[in-house]
Amino acid sequence: MDQAATRLSLPDAPREFGFFMNGEWVPAGDRDVFERASPGHGVPVTRIPTCTKEDLDAAVAAARRAFDDRRWSGLSGADRAAVLLKAAEGIRARADEIAYWETLENGKPIAQARAEVGGCVGMFEYASGLARSLHGDSFNNLGDGMFGVVTREPIGVVGIITPWNFPFLILCERVPYILAAGCTIVAKPSEFTSATSLILAEILHDAGLPAGVMNVIPGTGPVVGQAMAEHTGIDMLSFTGSTRTGRGLLTAAGSNFKKLGLELGGKNPQIVFADADLEDAADGVAFGIGFNTGQCCVSGSRLIVERAVADEFAAMVAEKFKKVRVGDPLDETTQVGAITTDAQNAAIMGYIRQGKAEGARLIHGGEQLDFGRGQYIAPTLFGDVTGDMSIAREEIFGPVLTVMPFDTVDEAIGIANDTDYGLAASVWTKNIDKALTVTRRVQAGRFWVNTTLSGGPELPIGGFKQSGWGREAGIYGVEEYTQVKSVHIEIGKRTPWVE
Ligand code: ADP
């Protein structure tokens, strides 16, 4: 493909993919093929096989063989690191191609997609170091007759189920860490956005990853996803998606008591104090809900603002919303792209209708934007919101922000914690005492002070409460995919039990 030539225009025909298993591409054959239309343009962009349960069984068998014969876990950390570094190079070399297909399938702005791919290179580079530094523990204090060693072993075959909002990024927040631990992988992307996961499998293969270590099986959630959760050949499942689907996996994973990593929904507070740099805060709050059209589990969707500045601040955010560039995802200057799926578009518009019906005051947006093709929703701001309204309680997963005022630090913390979720939170203040008190007492797995949605390969990702289990990324994200073995080593002659 001439990437430079096609980057900013639509493909002439949808790109055909196979799926990737046991070190090779498998053509669609007589399987159903899912044709994906670009949500920003409504034209078909990819054609991807819909795998079956039998395909999954074959992929799990390949991953199991690759794990059991130690072709990957038996390598030194240094050798695994070399493959991860080569993969990082491979991603860098194909970054424009990855960003292009990500934008076409997902609807996110091309500039954003490129930045995400750049972040993914960093994930692989960082995880390569972890492959070498991962270690256990030792106990040299058990007396002269005993030495204790704690080792970390890869957990085995890992299933990964990813959603459509960050298809490549979310995969790359997991894959290099799982590979650093020595595990093998069967990944199922969302059926709407499988292309870049398949490209990653090819990049890993080209980087020297042994056959069977990384398998990508596109398919639907109820068929392949559900079968993965139930599969007794999978030792751990990392799921990213809705809390509703995640809850269903708890039972399915009971088949073999597989370990579950869950990154689920969020209804994340943005707490703004009157003493904040309000200009910075307004920009950050607009970014926190506008980025990826609010289709992030960590989107800052609840603005909780000190009453003294509440109206002024809401007006500042509305002003930012007015100026933000919504439009064609292939346009280099676009900041907010299309809504990824038809169902999500309908769900967001449904929430906007419900917000109005429940008595919230529409300050900005609230409507579908018509660019002649594709599906777009204006960044939307609701005032006069109360804690019992569905727009204040439920994860909308769209560019919809609610405003609620507070008077005291305790009240701000109370509103922030009044949710079943606990994924992320941000606080904006120049007062260190307020910043630290709020950071300590608001229940969230990720916290931002005077910023939002920043991150990198070092800091772990995951949620409190009904936002999930476990952590991804950082050293934590490698350790999650290991299990711990205690080794007791007797020194010298045994004290006899039977004389
Ligand atoms: P959304 O409704 O926003 O797409 P989901 O949680 O349904 O969020 O989707 C996230 C991922 O979970 C996707 O890859 C999807 O195919 C998958 N999925 C959906 N239903 C199931 C299921 N019953 N079991 C396993 N995975 C599922």
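As a basis for the values below, the full set of heavy atoms in this structure was taken, side chains included, without hydrogen atoms, waters or symmetry mates. Remember, it's a predicted structure, so these values are computed and weren't measured experimentally. First listed ligand is number 1; within each ligand, the first listed atom is number 1.
The nearest protein heavy atom to atom 9 (O) of ligand 1 is not closer than 4.0 Å.
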Mind running side chain to side chain contact (heavy atoms under 4.5 Å, CB included) on Phe239 and Met228 for me, showing each step along the way?
CA-CA 10 Å; Phe239 170 82; Met228 284 174 81; over 6 Å; no
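Short contacts between ligand 1 and Thr162, defined as distances under 4.0 Å to a heavy atom of the residue, involve ligand atoms 11 (C), 13 (C), 14 (O). Of all atoms in ligand 1, listed by their number and element, those nearer than 4.0 Å to a heavy atom of Thr240 are 10 (C). Ligand 1 places these atoms under 4.0 Å from at least one heavy atom of Gly241: 6 (O), 10 (C). Per-residue contacts place Phe239 under 4.0 angstrom from the following atoms of ligand 1 (heavy atoms of the residue considered): 6 (O), 11 (C), 12 (O).
The nearest protein atom to atom 19 (C) of ligand 1, hydrogens excluded, is given as Gly221 CA, 3.5 Å; this is a heavy-atom distance. Protein heavy atom nearest atom 7 (O) of ligand 1, with residue, atom name and distance: Thr245 OG1, 3.2 Å.
The closest approach between Phe192 and ligand 1 stays at or above 4.0 Å for every heavy atom of the residue. For the pair Asn165 and ligand 1, no heavy-atom separation below 4.0 Å is found. The shortest heavy-atom distance from Arg244 to ligand 1 is under 4.0 Å. In this structure, Leu249 counts as a contact residue of ligand 1, since one of its heavy atoms falls inside 4.0 Å of the ligand.
Here the side chains of Trp101 and Pro11 are in contact, with some heavy-atom distance below 4.5 Å. Contact of the Asp235 side chain with the Arg64 side chain is registered, since non-hydrogen atoms from C-beta on lie closer than 4.5 Å.
Taking any N or O of Trp164, backbone or side chain, at least one lies under 3.5 Å from an N or O belonging to ligand 1.
Checked against the 6.0 Å centroid threshold, Tyr376 and Phe371 count as a close aromatic pair. The distance between the ring centers of Phe397 and Trp164 falls below 6.0 angstrom.
Of all heavy-atom pairs between Lys465 and Asp420, the closest is CB-O, 3.2 Å.
Within a 6.0 Å sphere centred on CZ of Phe447, heavy atoms belonging to other residues, nucleotides or ligands number more than 12.
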Cut-off 3.5 Å, no hydrogens considered: what does the side-chain donor-acceptor table look like for residues 208-218, sequence neighbours left out?
from	atom 1	to	atom 2	distance (Å)
Asn215	OD1	Asn22	N	2.8
Asn215	ND2	Ile185	O	3.0
Asn215	ND2	Gly212	O	2.9

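Contacts with ligand 1 closer than 4.0 Å are made by side-chain heavy atoms of Glu191 only, the backbone lying farther away.
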